[in-house]
2 protein chains.
Amino acid sequence: MEHALRRHLEELISLSNTEFELIASCFTSRRIKKKEFLFRQGDRVSEMYFIVSGLLKLIYTDESGKERILSFAMEDWWESDYEAFERGGPAKMSLQSLENCQILILSKENFTKLCNEIPKMAQFFLHKAIAGHIAAQQRVLSLMNDSASDRFDQLIQRQPSLIHRISKSTLASYLGVSRETLSRLSR
Amino acid sequence: MEHALRRHLEELISLSNTEFELIASCFTSRRIKKKEFLFRQGDRVSEMYFIVSGLLKLIYTDESGKERILSFAMEDWWESDYEAFERGGPAKMSLQSLENCQILILSKENFTKLCNEIPKMAQFFLHKAIAGHIAAQQRVLSLMNDSASDRFDQLIQRQPSLIHRISKSTLASYLGVSRETLSRLSR
DNA sequence: GAAAAATAGTGAGCCAGGTCACAGGTGGGG
DNA sequence: CCCCACCTGTGACCTGGCTCACTATTTTTC
């Protein structure tokens, strides 16, 4: 639970016990079952989530009901609808679990508090935000340059374990292709 | 020059004169002509750039020589190859001007120094990084959901001024379509 | 101010990937 | 143990967008 968080934080910054106690006190813990939503499109989202265990999908559903997966959130990931989180508007996306999950929740107030009281935490989140930006940019490139089957191959190389945790249809809506096309790729 | 930076910073945080002097002393100023590169794919990039005036493109060129535009950097934008900047590797992208530009340069050392000495600056960069992440995520969504002509229309609505500053071919490689397809869109 | 280089538009043909429809497999709940 | 809901594969067909080729126009460059 919390040691997972500490281990994760200490990959980037080092913390005294008292610092970590303050940090830990800012989070609340929650356990959710498969298929539950942490939030849905339209909700106000004023929390961010640290995934201790389990797997979730961040999805956007368009008018016609088609669902696109923006990202998978798994162990040691931070996720939220950051636009809603930052600007206080309604969420454009939903965050739904694909497995039972153990989550730590950080409210926006506590996020701000942590950034102010422990400057190292602001740095930590800065690193994470930049990493998120880099990842999203690479996804843009990949969508523009690479064919569906290229993207599929790259994912297999980068996250081989993921393949066994999700269904093919789920995978397809992450890769940005139809279920049928993905099915035909492997041959 | 520097008042542009101060105005920009004070949209998010407020600064005393002494604080701003420290900040300003961390930047160096540079003027570049149209078509110059601030860096190229493969370079080490240990600086980030604040655009005072002018317009640049952040591009990725693939093996076949085809060029994709990741983003346009214009007045009041920060740009760099953030992966190279963060992790110290070679740049995957190039940053090239489309117009004459006035740039302020912040080295990685000074970036770190500013974040440490003026916590407000860490917060500022955190906001900007999150905003960058949000923007890139929306681009991912748009590439997955929308047709070329949708993306074209959206761009016209969001950045009408941009259209008059760039060529159609440049625009096409930002939208992720071929020059010919873009030409046929307007019909 | 002519030659060279970008920039634009347009036709023709092609193909990756989308949609629709159907059929077989799998698994967990009652 | 069976049923229903979900997942997966596959065929048929269609279309948005790509490539190639050529021409016209505008912009640079010397």
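Atoms considered below: every heavy atom in the structure, side chains included; atoms not considered: hydrogens, waters and symmetry mates. Labels below follow one simple rule: chain letters A, B, ... track the order of the sequence lines, proteins then strands, and each chain is numbered from 1.
- Side chain A:Arg179 to base D:dG9: a donor-acceptor pair is found below 3.5 Å.
- Atom CZ of B:Arg184 is separated from atom P of D:dC18 by 10 Å (rounded to the nearest Å).
- Using a 4.0 Å cut-off between charged nitrogen and carboxylate oxygen, A:Glu67 and A:Lys57 count as a salt-bridge pair.
- As rounded to whole Å, 7 Å separates atom P of C:dG17 from atom CZ of A:Arg151.
- Between B:Glu117 and B:Lys113, no side-chain nitrogen of the basic residue sits less than 4.0 Å from a carboxylate oxygen of the acidic one, so the salt-bridge criterion is not met.
- Dashed line: the shortest gap from a side-chain N or O of A:Ser149 to OP1 or OP2 of C:dA16 is not under 4.0 Å.
- Atom C1' of nucleotide D:dT8 and atom CD1 of A:Ile166 are separated by 15 Å, given to the nearest angstrom.
- Aromatic ring pairs are classed by plane angle as parallel below 30°, tilted from 30° to 60° and perpendicular above 60°; the pair A:Trp78 and A:His8 is tilted.
- B:Ser147 comes within 4.0 angstrom of the backbone, heavy atoms only, and of no base.
- The 5' end of DNA chain D is approached more closely, in terms of each residue's nearest nucleotide, by B:Ala148 than by the other of B:Lys34 and B:Ala148.
- We find that NZ of A:Lys35 is positioned 13 Å from C1' of C:dG29, with the value rounded to whole Å.
- With rounding to whole Å, B:Arg68 atom CZ is found 13 Å from D:dG17 atom P.
- Here C:dA6 presents its P atom at 12 Å from CD of B:Glu67, a figure rounded to the nearest Å.
- A close approach under 4.0 Å does not occur between any side-chain nitrogen or oxygen of B:Ser178 and OP1 or OP2 of D:dG17.
- Remark on DNA chain C: of its neighbouring residues B:Glu180 and A:Asp146, the 5'-side contact belongs to B:Glu180, judged by nearest-heavy-atom nucleotide.
- Note: CG (B:Leu98) to C1' (D:dT27) measures 16 Å, nearest angstrom.
- When the side-chain nitrogen and oxygen atoms of A:Ser183 are compared with OP1 and OP2 of D:dG9, one or more of them lie within a distance under 4.0 Å.
- Note that B:Arg139 lies in the cation-pi zone of B:Tyr174, set by a 6.0 Å cut-off to the ring centre and a 45° limit from the axis.
- Across all strands shown, B:Lys66 has heavy atoms under 4.0 Å from sugar-phosphate atoms exclusively, and none from any base.
- A close approach under 4.0 Å does not occur between any side-chain nitrogen or oxygen of B:Ser167 and OP1 or OP2 of C:dA6.
- Between D:dC6 and A:Lys168, no contact under 4.0 Å exists linking OP1 or OP2 to a side-chain N or O.
- Between the P atom of D:dC7 and the CZ atom of A:Arg165 lies a distance of 17 Å, rounded to the nearest Å.
- Counting non-hydrogen atoms of neighbouring residues, nucleotides and ligands closer than 6.0 angstrom, the CZ atom of B:Arg165 exceeds 12 such neighbours.
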